[in-house]
Amino acid sequence: MIFCLFAVSLMAQTNGGIFYNGAEISNSRIIGESTNMMTSMLTRGLVKPKSDFHIEGKHSMTQIDEARPTFEVVFNVRDERYGEVFTDEDNFEKMFLIRLKDSKNGRKLENGVAAIFSSKGSPSEKYIIPLSVEEVGSGTFRVVPREELKKGEYAFWFNVQIPDEDAADGEKPLNTVFDFSIVDAVSKDSKSTPVQVAQVETSTKSQATTAASVKVSDVDLDIPLGGSDVNESTFAVIIANGQYQKVAHVEHAENDGRVFEEYCSKTLGIPDTHIRSYYNVTYGDLLDAVEDIKSIATAKRGDLNIIFYYAGHGIPNEETKTGYLLPIDADGKQMRVCYPLKELYAELGSLQANNAVVFLDACFSGAARSSGDMLIPARGVAIVTKDNIDGKLVVFSAASGSQTAMGYDEQGHGLFTYFLLKKLKDTKGSVDLGSLADYIQENVSLESQLKNRKQQTPTVMAGSAYGDAWKKLTLNK
């Protein structure tokens with residue numbers, strides 16, 4: 001056994017790969033896929049079919065008993081295994097950690113787009129684990145999950161093309177995942193040496209599109225627990241659009257959504273089954289999200305509170321001067337495939353919920369979130385939208401009028417979302433909406449002027465049914 005561990009340690013020094021405690025973690029093949037066409041058929045193509053990719057074996061050969069294990073990812077120009085994925089350290093930006101989904105046939109990667117329709121499938125965002133990353137040497141990176149990993153199966157996957165002489169364009173997506181199991185003991189201090197498994201290579205039809213290495217903010221760490229009470233009456237809808245297909249991506253949007261989701265669960269005490277998260281959604285996905293919360297409200301007979309959070313692009317209708325949420329497959333030229341705020345407000349207002357609070361980290365002037373560039377270059381000036389609300393609805397918007405909702409690059413979040421999370425962290429979720437509004441408006445306005453030399457003043461609108469009573473509402477009960 002001493003000789004085996006010594007050999008593994010030598011390999012870590014001479015080869016590229018992903019290592020835990022000096023030993024290279026195992027790897028497994030993707031051995032098949034299954035596609036669910038029903039949703040697409042029922043929505044007449046508005047929602048793309050889902051495809052799951054099955055991973056060989058029911059468990060990984062690498063077993064780890066640590067909740068937040070530290071990995072080393074090493075690149076070496078002489079390592080030609082796995083299609084030369086570890087010869088180029090630029091591939092590190094295309095690596096992410098995913099939680100594999102259990103199925104009766106073993107493990108699978110839940111995919112967002114069926115490969116029979118696209119050569120670029122993307123894994124479901126809710127299974128991606130954000131990472132803390134530190135470069136510790138030339139071609140060597142230390143990687144730690146930003147959240148404690150629960151018992152289960154996990155894998156590193158690369159969004160890369162590898163050489164293939166038989167392929168039409170001479171390349172194919174990498175089909176090898178680098179996997180490990182988190183077993184019963186998940187103490188932060190415990191360590192375990194993984195077992196080595198044979199190395200294999202095959203091909204796959206899917207390719208990942210999201211790198212998971214993001215900046216770590218103070219609001220991402222030590223997220224507080226709000227108390228022992230479970231917030232059974234509240235449901236959260238979280239939509240985060242970052243990976244746009246036809247316009248500029250939205251930096252940090254997916255991180256905004258993921259961390260807000262954590263605050264909903266840990267700080268606000270909302271049960272996981274009450275948190276409905278959607279990442280990089282199409283128009284059909286947006287319709288599904290609204291229909292889902294409507295069905296829940298019907299089942300609850302209106303006896304619920306709703307939190308609706310959106311991070312991504314907004315777009316104005318130049319004729320009506322009203323705002324729209326921009327799906328990832330739209331560019332704002334065809335308003336019929338964008339989701340109007342007027343309709344969102346009407347739908348939420350019609351649910352007869354106890355209250356509904358909307359957070360929009362987007363602007364609706366026609367400018368891109370973070371950069372301020374116009375989404376459609378032909379528009380010469382930003383547009384001031386006019387969207388009114390009624391009923392028991394409170395809407396927090398990241399910017400006023402023709403302003404741009406800026407990013408906070410140092411914190412890896414949108415500026416609006418950062419201060420929303422900051423206040424929730426400082427108060428452990430026990431803050432009324434009036435105080436939350438004052439804090440966000442004051443700090444976003446100041447920080448935008450200091451960092452960006454641009455005005456950004458968040459707004460709050462409340463339905464007429466409230467008067468000033470909305471200011472006393474809270475999110476955690």
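Below, all heavy atoms of this structure are taken into account, side chains as well, without hydrogens, waters or symmetry copies.
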Within the side chain of Asp361, is there an N or O that forms a donor-acceptor pair under 3.5 Å with the backbone of Thr417? yes

Euclidean distance, Ile182 CD1 relative to Glu153 CD, rounded to 0.5 Å: 9.5 Å

State whether the side chain of Thr234 and the backbone N or O of Asn305 hold a donor-acceptor pair below 3.5 Å, judged by distance alone. no

Just by modelled atom types, is the Glu232 backbone N or O under 3.5 Å from a matching donor or acceptor in the His274 side chain? yes

Between Phe359 and Phe396, ring centroids under 6.0 Å: yes

Between Thr282 and Asp285, does any side-chain donor sit less than 3.5 Å from a side-chain acceptor? yes

Using 30° and 60° as the class boundaries, would you call the ring planes of Tyr418 and Tyr408 parallel, tilted or perpendicular? perpendicular

Check against side-chain contact (heavy atoms from CB on, under 4.5 Å), Gln455 and Gln449: CA-CA 6 Å; Gln455 289 187 340; Gln449 198 63 50; 3.7 Å; yes

Tyr279 (side chain) donor-acceptor with Arg258 (main chain) under 3.5 angstrom: yes

Looking only at heavy atoms, what is the nearest atom pair of Gly391 and Tyr466, with distance? O-CD1, 4.3 Å

Between Tyr244 and His313 the two heavy atoms that sit nearest each other are OH-N, 3.0 Å

Please examine the side chains of Asp426 and Tyr439, heavy atoms only from C-beta on, and report whether any two atoms are closer than 4.5 Å. yes

Keeping Asp220 on the side-chain end and Ser217 on the backbone end, is there a donor-acceptor pair under 3.5 Å? yes

In this structure, CG of Leu268 is separated from CG of Asp229 (nearest 0.5 Å) by 12.5 Å

If only side-chain N and O atoms count, and only distance matters, is there a donor-acceptor pair under 3.5 Å linking Asp179 with Ser28? yes

Asn354 vs Lys392 side-chain heavy atoms within contact, under 4.5 Å: no

With heavy-atom distances below 4.5 Å as the criterion, would you say the side chains of Ile55 and Val177 are in contact? yes

Does any N or O in the side chain of Gln456 come within less than 3.5 Å of the main-chain N or O of Ala398, such that one atom is a donor and the other an acceptor? yes

Could you tell me whether Lys422 and Asp218 make a salt bridge, using a distance below 4.0 angstrom between a side-chain N and a carboxylate O? yes

Asp303 vs Ser233, side-chain hydrogen bond (donor to acceptor under 3.5 Å, both in side chains): CA-CA, chis, key distance, verdict: CA-CA 7 Å; Asp303 186 20; Ser233 62; over 6 Å; no

When every non-hydrogen atom of Cys338 is compared with those of Tyr283, the smallest separation belongs to O-CE1, 3.7 Å

Mind listing the closest non-hydrogen atom pair of Pro145 and Pro69 along with its distance? CD-O, 3.1 Å

Between Gly312 and Ala362, the two heavy atoms sitting closest are O-CB, 3.1 Å

Looking at Asn241 and Leu326, would you say the former's side chain and the latter's main chain have a donor-acceptor pair under 3.5 Å? yes

Indicate the ring-plane relationship of Phe158 and Phe178, choosing parallel, tilted or perpendicular according to the 30° and 60° boundaries. perpendicular

Chi angles and distances behind the side-chain contact (heavy atoms from CB on, under 4.5 Å) call for Asn255, Arg146: CA-CA 11 Å; Asn255 193 42; Arg146 283 178 38 225; 3.2 Å; yes

Apply side-chain contact (heavy atoms from CB on, under 4.5 Å) to residues Tyr310 and Leu344 and explain how you reach the verdict. CA-CA 12 Å; Tyr310 175 84; Leu344 174 65; over 6 Å; no

To the closest 0.5 Å, what do you measure between NE2 (His413) and NE2 (His252)? 9.0 Å

Is it true that Ser400 and Thr457 share a donor-acceptor pair across their side chains at a distance under 3.5 Å? no

Can you confirm whether the side chains of Glu66 and Tyr20 place a donor and an acceptor under 3.5 Å from each other? yes

Side-chain donor or acceptor of Thr427 paired with backbone N/O of Lys423 under 3.5 Å: yes

So Glu89 and Val73, do their side chains get closer than 4.5 Å, heavy atoms only? no

4.5 Å side-chain heavy-atom contact, Trp470 and Val460: yes

Measure up the Trp157 and Phe96 rings against each other and bin them: parallel (under 30°), tilted (30 to 60°), perpendicular (over 60°). perpendicular

Checking side-chain polar atoms at under 3.5 Å, does Ser265 have a donor or acceptor matched by the opposite partner on Asp272? yes

Quick check on side-chain contact (heavy atoms from CB on, under 4.5 Å): which of Ile238, Leu286, Asp292 does Tyr278 satisfy it with? Asp292

Any salt bridge linking Lys294 with Glu291? Criterion: basic side-chain nitrogen under 4.0 Å from a carboxylate oxygen. yes

Hey, are the side chains of Met95 and Ile18 touching, using non-hydrogen atoms and a 4.5 Å cut-off? yes

Taking atom NZ of Lys471 and atom CG of Asp438, what is their separation to the nearest 0.5 Å? 7.5 Å

Does the side chain of Ile239 come within less than 4.5 Å of Phe308's, by heavy atoms? yes

Taken to the nearest 0.5 Å, the spacing of Ile307 CD1 from Ile275 CD1 works out to 9.0 Å

Polar side-chain atom of Glu72 near backbone of Gly22 as donor-acceptor pair, under 3.5 Å: no

Would you check if the side chain of Asp331 reaches a backbone N or O of Lys246 as a donor-acceptor pair within less than 3.5 Å? no

Just wondering, are more than 12 heavy atoms of other shown residues or ligands nearer than 6.0 Å to NZ in Lys428? no

Can you tell me how far apart CZ (Arg301) and CD (Gln352) are? Round to the nearest 0.5 Å. 14.5 Å

Side-chain heavy atoms of Phe156 within contact of Ile25, under 4.5 Å: yes

Test side-chain contact (heavy atoms from CB on, under 4.5 Å) on Thr62 and Glu24 and set out the steps. CA-CA 9 Å; Thr62 298; Glu24 190 171 11; over 6 Å; no

